[in-house]
Amino acid sequence: MIPPLVLLQGLTKTWPENGVTACDSVTLEIRAGEVLALLGENGAGKSTLVGLLAGTIRPDAGQVVLEGRTLGIRDRALDCGIALVPQHPPFSPELALWEHAILGDERYRWLGPRAKALLIQELTALAAPWGFQLDWNLSGREAGPLALQRATLTALFRRKPRLLILDEPTAALPGPEAEALLSAVSLWAKREQTAVVFITHKLPEALRWADRIAVMRSGRISAVVTPDQTSLEQLGSLLFPASLVAPLDTDPLPPPAADAPVVFETRGTRADFRLKAGEILGLTSLRGEGAEALEEELTGMSPLPQGCLHMDGHDVTGWDIANLRKLGLSYVPSDRLGRGSSPHSQLASNVIPYRVGQLARRGLLRRHSVREYFQDLKNRYGLAGEAGQRLVTLSGGNIQKLILAREMEQNPRVLILAEPSWGLDLEARRILYGLIRASARRGTAVVLLTSEPLELFEVCTQIGALAGGQLRSLRPASQWTPETLGRVLLGLDS
Amino acid sequence: MNRRTNPLASGIGTLVALGLALGLAVVLLAVLSPNPAGALRAFFWGPVSSGLAWGNLLNQALLLSLTGLAASLAFGAGAFNLGGEGQTYTGGLAALALTLVLPVAWGWGGILAALLAGVMAGALLGGLSGWLKVRFEADEMITTFLLSASAVPFVNAVMTGPGIGAAQSMLIQSRPAPEAFWIPGLLAPSNLHVGILVAVPIVVVFAVLVNHTPWGYRLRLMGRNRDFARYAGISTGIYALVPLGLSGGLHGLAGALGVLGTQHSLVQGFSAGWGWNGIAVALIARSNPWAVLPAAALLAFLDQAGRSVVLQGQFPFQLSALFQACILFFITARRLHGRPL
Amino acid sequence: MGVPFDLLTPLLVAALGALWSERAGILNIALEGQMLSGALAGVLTFHFTGNLTLALAVAVGFGAVTGLLLAWGTLDLGADPFIAALGLNLLLPALAGWVSFSLFGNLGVIRLTGNAAPVLLGVPLFLILALVLAGATQALLFHTPWGLRIRAAGTGPQLMISRGLDSRVLQRQALAISGALGALAGAFLALNLGAFVPGISAGKGWIALVALYLGMRKPLPVLAACLVLSWTEQASNLLQSFRDLPTGLVLGLPSLLTVVVFVATTAYRKGGRSKVNRPSFPVRKSDNRA
């Protein structure tokens with residue numbers, strides 16, 4: 001039995017910021033000469049696993065064994081032969097692409113015109129089998145994300161790695177070029193007896209090019225199959241299993257009257273919808289397929305690239321969030337600590353930004369009024385912690401509850417939540433969904449943006465699926481099943 | 001250029017930095033002075049040993065409170081005001097220039113008008129950087145510094161020019177202001193004067209404003225997490241411009257007070273180093289206006305202690321410079337207060 | 001009006017010092033103090049030994065040490081580079097004053113005897129050295145692997161980590177070079193004058209930063225910027241004897257010019273801000289609630 005090229009043993013990583021166990025004792029073999037596809041939903045732990053492999057993240061437990069040798073903390077993964085090409089690689093706006101590509105392994109002591117010409121020649125030859133041509137003289141700023149990804153791929157490939165990890169390498173590539181790239185790395189792996197791991201959500205690609213497919217769910221490898229053992233449908237159901245957590249609130253929300261006014265709608269955009277008071281719309285996509293950008297566009301943080309946005313009959317296209325809030329919009333962001341709170345401030349400070357005017361008496365903000373307000377909120381929403389505590393000391397779930405309470409307390413017309421249950425355990429999710437439904441019952445129109453499609457079944461009245469940046473299908477929740485939703489998201493149906 | 005780190009230190013780090021500074025000074029005095037006992041006595045006792053000493057000490061403490069408050073307001077809102085020196089200098093010029101044209105009969109009214117002119121001059125300079133930041137996203141750290149650097153030679157030119165320049169003088173300075181506009185002194189012949197006492201109520205007012213009003217809450221939120229402030233609907237434009245304007249205005253006030261109260265004319269270079277002083281105070285006070293008064297008092301004491309040692313011939317080295325240097329060098333060191341690098 | 005060699009040389013060398021540090025990602029604000037102390041180091045060494053080479057070497061060595069001190073504070077202690085450098089800028093002049101006082105009993109001018117500023121074929125030696133340093137900077141920073149890595153380190157840690165490289169060593173080296181160049185600039189200034197005058201650096205360390213940004217952070221344009229700035233200074237020196245134009249305006253012009261250039265380049269880099277629509281009707285809070 002030949003030992004595997006790379007062995008991941010019991011790799012575990014829990015993020016301290018939110019208590020999420022991204023990788024739970026993952027054990028996996030990677031064999032010489034093989035191409036392994038890594039599939040999984042967002043939040044399944046793929047990026048963390050790959051980071052652990054490549055040495056950019058330090059594990060809490062477990063180890064990586066490369067060709068029989070356990071990699072220690074001091075070992076640089078790249079020097080040992082593990083190269084990771086991220087989807088959005090780091091770069092310098094000023095350095096040229098060829099400089100990016102040779103950084104770390106320059107091979108010439110003097111980088112004059114002659115060396116530069118020779119190096120560019122070498123880089124071009126290296127990149128040729130993958131079917132792309134780059135202008136190596138472009139600066140990082142001019143090059144654009146695709147060229148940067150390709151330059152990074154060339155750079156790392158040049159270091160002759162034993163294991164090449166590619167994160168969504170074909171996400172932005174048209175069909176023929178994706179083919180060329182995957183076929184080239186496949187040939188390389190076989191020829192050199194190295195290995196390639198690529199993360200993708202394009203199931204047909206995985207079936208076509210991978211020797212083995214590993215599926216991750218909730219921090220664990222839930223299945224490892226070979227293409228001939230499986231099918232598109234089976235993979236789809238592995239990713240989106242039919243079993244559901246039973247909805248705990250068995251009291252269905254009353255549907256709005258047929259002639260009820262539309263509270264929130266978009267027209268002419270990539271994702272058009274019309275939402276009435278009391279409805280909960282869930283919009284979802286796989287990573288990079290369009291749902292993330294909606295968070296910025298629907299809340300006024302970024303301008304709408306096309307089309308218009310209406311709220312309560314007013315055209316609010318291009319309005320900044322400050323004005324949208326005045327009109328009755330509330331927003332729970334995906335970035336809790338960077339955008340949704342002031343992590344080093346007290347809990348009380350974090351719940352009052354919209355209330356400071358009202359809480360002040362004769363211009364002064366009295367400390368006890370602020371504390372009383374916090375205490376009231378704490379009692380009604382079941383928040384954790386004391387008024388004077390710093391926010392970072394709370395767990396991720398409790399931080400989210402606080403943010404949600406603050407936003408809901410405004411009794412908004414429209415409530416937008418982005419990735420609200422990320423990092424929350426079952427109990428916290430249950431409470432979250434309960435609060436969302438309560439809000440809808442009070443007449444708020446809710447938009448829930450998520451990259452975990454299955455949670456939409458817990459709480460939404462309507463579900464919309466995006467793929468390729470566009471809304472493909474929008475139906476009442478009762479007309480969806482996890483399989484049909486999965487198929488639309490994967491681009492298998494529309 | 002590296003993204004700036006948040007320069008606010010923790011309590012422990014501040015104490016360590018201060019301790020290092022003081023410890024180093026004491027060690028130097030003890031080891032290198034020909035008369036260690038005398039040197040240490042001059043150091044600790046000198047600043048409070050006479051009316052003159054007290055006067056200078058109080059004057060400096062109050063001036064540092066103003067510049068420290070100015071720097072704190074900017075820091076607290078997440079901005080760096082490095083133009084303190086120029087804003088102070090310009091404020092001094094504006095104040096002096098006004099006294100030269102106002103009718104002498106105005107008396108105290110004239111003094112107040114001149115002080116106001118100083119405030120406005122500084123506020124304009126600071127506010128200009130704030131506007132550049134809002135409109136063009138230009139880094140205020142660089143623009144405040146550069147605008148200040150261009151203001152200083154300008155003031156130098158104007159103050160020696162026609163109408164303002166002094167007749168014959170050892171120092172390069174302007175004509176003195178009319179005596180009617182001289183702020184009465186205290187503890188003569190020290191630098192202290194009645195006007196500088198206004199620093200205390202000003203600091204208190206701002207302390208209340210910053211810590212206990214909705215406006216101050218929003219300001220501090222800007223400094224804590226600008227993204228959150230924007231998300232919460234706080235006008236990032238106004239809350240970037242106003243703190244810088246206020247900061248400049250306070251520097252201008254310090255300059256105006258220095259000119260009208262102590263020297264009664266504009267002496268070239270009188271504001272040298274006043275910007276960095278203010279920043280040191282703000283760093284020790286961690287941008288909390290309540291802590292500015294004690295921090296300024298501490299720094300003023302250290303400064304006067306250093307001077308006292310030199311004056312009494314016990315040690316030629318400018319210990320004050322060493323203090324400030326040590327404080328500035330160590331106070332933001334994350335390793336010293338256990339934070340990761 | 002020819003090329004003002006005496007004004008150009010120290011400014012150019014100091015600006016090169018600024019360039020090395022900025023490219024590595026840590027702008028060296030302490031140049032002003034390093035210039036002053038380097039001036040004293042050079043003058044003192046020449047005063048006591050009469051050896052010009054030694055004088056320059058001592059200045060360079062001292063400057064490198066101060067650069068390493070800044071590197072220690074920034075990289076090892078995690079201090080904010082700007083503020084730590086401000087501290088250094090306060091310390092060095094005080095140190096210089098102390099040394100001066102201890103050796104000569106006063107804080108005054110130290111005059112040199114003997115020629116401390118030789119001329120080679122009609123061109124001052126110091127200028128030749130400065131131009132050589134500029135050429136070396138261009139060559140080393142932009143045409144060697146080491147220079148490439150320094151420039152990569154200057155854009156942030158991620159890129160270097162992804163290639164398995166350590167930024168800190170390179171940043172330390174860059175700061176040492178920066179300090180050495182700053183001190184050398186001061187030595188050039190004082191030796192050329194033939195004396196150490198307290199405050200001799202007179203803000204040139206800050207003007208060097210101005211020259212850096214005016215010169216787009218590349219050696220050849222920086223040289224051009226230094227030429228322009230030294231012409232400006234020469235012009236203002238000449239004008240001071242005429243008293244017609246307010247010299248303050250002329251002196252303040254470089255900084256003002258840099259603000260304009262800086263703001264313009266920032267606006268260009270960050271692109272036009274997307275238009276935010278204002279509501280067409282007055283919106284009051286709490287008008288709309290569910």
Side-chain angles (χ1 to χ4, degrees), chain A residues 54-56 76-79 84 86 89-95 99-100 102-112 115-116 140-141 152 155-156 159 263 277-278 300 302-303 311-312 314-320 323 325-329 354 357 410-414 439 442-445, chain C residues 19 22-25 135-136 138-170 216-219 221 265-266 268-290:
Chain A
T56 56
R76 298 245 177 84
L78 192 55
D79 294 335
L84 163 63
F91 71 99
S92 157
E94 291 174 317
L95 293 180
E99 293 177 307
H100 278 91
I102 66 167
L103 182 65
D105 187 12
E106 294 86 356
R107 298 192 197 165
Y108 290 89
R109 277 202 302 231
W110 175 253
L111 298 173
K116 177 176 165 182
R141 178 181 302 125
T152 308
L156 294 176
R159 304 281 284 263
V263 169
S302 292
M311 190 165 150
D312 266 341
H314 304 298
D315 185 345
V316 296
T317 315
W319 281 31
D320 188 57
N323 289 313
R325 281 192 184 277
K326 288 186 198 156
L327 209 50
L329 182 120
Y354 321 124
Q410 296 291 93
N411 271 329
R413 295 288 280 161
V414 177
S439 188
R442 279 208 293 270
T444 305
Chain C
L19 190 130
E22 202 278 346
R23 283 290 180 163
Q138 173 72 28
L140 289 171
L141 261 186
F142 293 88
H143 296 288
T144 63
W146 177 61
L148 173 61
R149 293 182 188 197
I150 288 184
R151 283 182 293 133
T155 54
Q158 295 302 330
L159 180 57
M160 295 291 277
I161 292 176
S162 76
R163 304 293 197 268
L165 298 172
D166 184 4
S167 296
R168 290 176 27 160
V169 175
L170 295 162
M216 311 295 189
R217 306 151 65 237
K218 295 200 266 281
T265 52
T266 305
Y268 166 68
R269 262 190 303 120
K270 303 220 172 157
R273 285 189 324 157
S274 45
K275 282 276 158 246
V276 175
N277 287 359
R278 301 257 169 273
S280 58
F281 53 90
V283 191
R284 280 195 322 261
K285 276 195 216 185
S286 73
D287 262 0
N288 286 59
R289 287 286 172 263

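Order of the sequence lines fixes the chain letters, A, B, ..., with proteins taken first and strands second; residue numbering starts at 1 for each chain.
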Separation between CD1 (C/Ile161) and CG (A/Leu78), nearest 0.5 Å, reads 12.5 Å
CG-CZ distance between A/Leu156 and C/Arg163, expressed to the nearest 0.5 angstrom: 5.5 Å
Which heavy atom in C/Thr155 sits nearest to a heavy atom in A/Pro93, and how many Å separate them? CG2-CD, 4.4 Å
Heavy-atom proximity to chain C below 4.5 Å, by part of [X]:
X	answer
A/Ala155	side chain
A/Arg159	side chain
A/Leu84	neither

Using atom types as modelled, flag every donor-acceptor pair under 3.5 Å from a side chain in residues 139-151 of chain C to any protein atom, sequence neighbours excluded.
residue  : atom : partner  : partner atom : Å
C/His143 : ND1  : A/Leu111 : O            : 3.0
C/Thr144 : OG1  : C/Leu140 : O            : 2.5
C/Thr144 : OG1  : C/Gly147 : N            : 3.1
C/Trp146 : NE1  : C/Gln173 : OE1          : 2.8
C/Arg149 : NE   : A/Glu106 : OE2          : 3.0
C/Arg149 : NH2  : A/Gly104 : O            : 3.3
C/Arg149 : NH2  : A/Glu106 : OE1          : 2.9
C/Arg151 : NE   : C/Leu141 : O            : 2.8
C/Arg151 : NH2  : A/Glu99  : OE2          : 3.0
C/Arg151 : NH2  : C/Leu141 : O            : 3.4

Using 4.0 Å as the upper bound for N to carboxylate O, is an ion pair formed by C/Lys218 and A/Glu94? no
Just to verify, what does C/Gln158 make a side-chain hydrogen bond (donor to acceptor under 3.5 Å, both in side chains) with, not counting sequence neighbours? none
Note: vs chain C, highest number of non-hydrogen pairs under 4.5 angstrom among A/Val414, A/Leu95, A/Leu103 is A/Leu103
